[in-house]
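Some notes on the structure that comes next.
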Amino acid sequence: MRDRQAISALLFDFGYCLDTKDWQGYSDNFSDDGVLSIPASNVNFKKDELVGSVSGSLGRYAQTMHFSTNHRITITGDTAHSRSYMLAIHIFDLTAPDRHADVGGWYDCDYVRTADGWKFQNVFLDAKWSAGDPKL
């Protein structure tokens, strides 16, 4: 049960770091060989590329809100896999909050247990729909 809670907490921190623009904290959630893949955006970043790439991509928004729900987690020893639903809202300007770009789908994630706890080894964002401003 503790491992499941730790993995869910990692998924929540994933979104929290993005929404607070804590790019280093976001990167720190990945193992040394971790990879973020977003095929809909032609993204495939290694851990050492995350700070620069994610800050460049999401830093242009005034506010983002990333939601992660329905965590289905399977643990096998020191590795794990999860699928969770995701909803991401990207607000361009806080004075015009009706202008936003949204995306929904799920995260398929692989994890590895490290000396520092569970870390993402692979995060695969499978975007299934988008709405709002298309300039995501």
Side-chain angles (χ1 to χ4, degrees):
M1 190 57 85
R2 283 189 203 135
D3 286 334
R4 289 182 195 286
Q5 287 177 316
I7 290 170
S8 280
L10 188 62
L11 282 161
F12 293 139
D13 197 58
F14 178 93
Y16 179 81
C17 288
L18 292 174
D19 296 341
T20 59
K21 301 182 188 296
D22 179 1
W23 315 124
Q24 187 60 56
Y26 177 79
S27 177
D28 290 344
N29 284 326
F30 284 76
S31 64
D32 290 342
D33 62 346
V35 176
L36 168 68
S37 300
I38 309 172
S41 299
N42 200 27
V43 165
N44 197 23
F45 295 120
K46 296 177 182 176
K47 178 184 178 165
D48 61 352
E49 301 171 308
L50 288 174
V51 171
S53 61
V54 176
S55 66
S57 173
L58 295 182
R60 62 190 163 130
Y61 297 104
Q63 181 69 59
T64 60
M65 299 175 76
H66 289 81
F67 300 91
S68 174
T69 66
N70 299 30
H71 300 168
R72 184 175 176 103
I73 301 166
T74 305
I75 300 168
T76 307
D78 290 334
T79 63
H81 178 81
S82 73
R83 172 169 276 188
S84 58
Y85 295 173
M86 63 78 57
L87 169 64
I89 300 167
H90 307 81
I91 301 169
F92 292 89
D93 182 345
L94 293 177
T95 64
D98 59 332
R99 184 169 175 248
H100 51 88
D102 309 329
V103 63
W106 52 74
Y107 293 119
D108 281 308
C109 301
D110 294 311
Y111 307 86
V112 61
R113 188 190 318 262
T114 72
D116 296 322
W118 288 99
K119 300 286 185 178
F120 292 110
Q121 192 164 42
N122 293 295
V123 174
F124 183 89
L125 191 164
D126 192 359
K128 293 299 184 185
W129 61 268
S130 62
D133 194 307
K135 294 179 181 151
L136 184 65

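The structure displayed is predicted, hence computed values, not measured ones. We count residues from 1, following the sequence as given.
Tyr85 and Leu10 are not part of a single hydrophobic cluster, where members link through side-chain heavy atoms under 4.5 Å apart. There is a path of hydrophobic side-chain contacts, each under 4.5 Å, that joins Trp129 to Met65. Hydrophobic cluster membership differs between Phe14 and Val35, with clusters built from Ile, Leu, Val, Met, Phe, Trp and Tyr side chains linked at under 4.5 angstrom. Under the 4.5 Å side-chain contact rule for hydrophobic residues, Val54 and Ile91 do not share a cluster. Placement of Val123 and Ile38 within a single hydrophobic cluster is found when ILVMFWY residues are connected by side-chain heavy-atom separations under 4.5 Å, directly or transitively.
The distance from atom NZ of Lys21 to atom OG1 of Thr64, rounded to the nearest 0.5 Å, is 6.0 Å. Residue Thr69 holds its OG1 atom at 8.5 Å from CZ of Phe12, rounded to the nearest 0.5 Å. With values rounded to the nearest 0.5 angstrom, Asp78 atom CG is found 6.0 Å from Trp118 atom CH2. With values rounded to the nearest 0.5 angstrom, Ser37 atom OG is found 10.5 Å from Asn42 atom CG. Once rounded to the nearest 0.5 Å, the distance linking CZ of Arg99 with CG of Leu94 reads 12.5 Å. Distance CD1/Ile7 to OG/Ser82: 7.0 Å, rounded to 0.5 Å.
Under the 3.5 Å distance criterion, the side-chain polar atoms of Thr20 are matched with a main-chain donor or acceptor of Tyr16. Of the possible donor and acceptor atoms, one in the side chain of Asp19 sits under 3.5 Å from a partner among the backbone N and O of His66. Arg4 contributes a side-chain N or O that, together with a main-chain N or O of Ile73, makes up a donor-acceptor pair within less than 3.5 Å.
Contact record, Phe120 with Cys109: CE2-SG, 3.9 Å, taken as the closest heavy-atom pair. Taking all atoms of both residues into account, the shortest heavy-atom contact from His90 to Leu58 is CD2-CD2, 3.7 Å. Closest of all the heavy-atom pairs between Ile75 and Gly77 is CG2-O, 3.8 Å. Between Gly25 and Cys17, the closest heavy-atom pair is C-SG, 3.7 Å. Among all heavy-atom pairs drawn from Thr114 and Gly117, the shortest one is OG1-O, 2.7 Å. Between Lys119 and Phe30, the closest heavy-atom pair is CB-C, 3.9 Å.
Between Met86 and Ser68 the shortest side-chain heavy-atom distance does not fall below 4.5 Å. Ile89 is listed as a side-chain neighbour of Phe67, based on a closest heavy-atom distance under 4.5 Å. Inter-residue side-chain proximity for Asp3 and Arg113 is flagged as met; some heavy-atom pair is nearer than 4.5 Å. In this structure, Leu18 and Tyr61 have side chains that are not in contact, with every pair of non-hydrogen atoms separated by 4.5 Å or more.
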Query raised in the report: Passes side chain to side chain contact (heavy atoms under 4.5 Å, CB included), Gln121 versus Asp33? Steps please.
Result: CA-CA 7 Å; Gln121 192 164 42; Asp33 62 346; 3.4 Å; yes
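Listed by chain and number, the residues in a side chain to side chain contact (heavy atoms under 4.5 Å, CB included) with Thr79 are Thr76 (sequence neighbours excluded). In this view, Ser55 and Trp23 satisfy the side chain to side chain contact (heavy atoms under 4.5 Å, CB included) rule, not counting sequence neighbours. Partners of Asp28 under the side chain to side chain contact (heavy atoms under 4.5 Å, CB included) rule, at least two apart in sequence or in another chain, are Gln24.
A centroid separation of 6.0 Å or more is found between the aromatic rings of Phe124 and Tyr107.
For the pairing with Arg83, the side-chain hydrogen bond (donor to acceptor under 3.5 Å, both in side chains) check across Asn70, Asp126, Asp108 returns one residue only, Asp108.
In the model, Asp93 has a side-chain atom that pairs as donor or acceptor with a side-chain atom of Thr95 under 3.5 Å.
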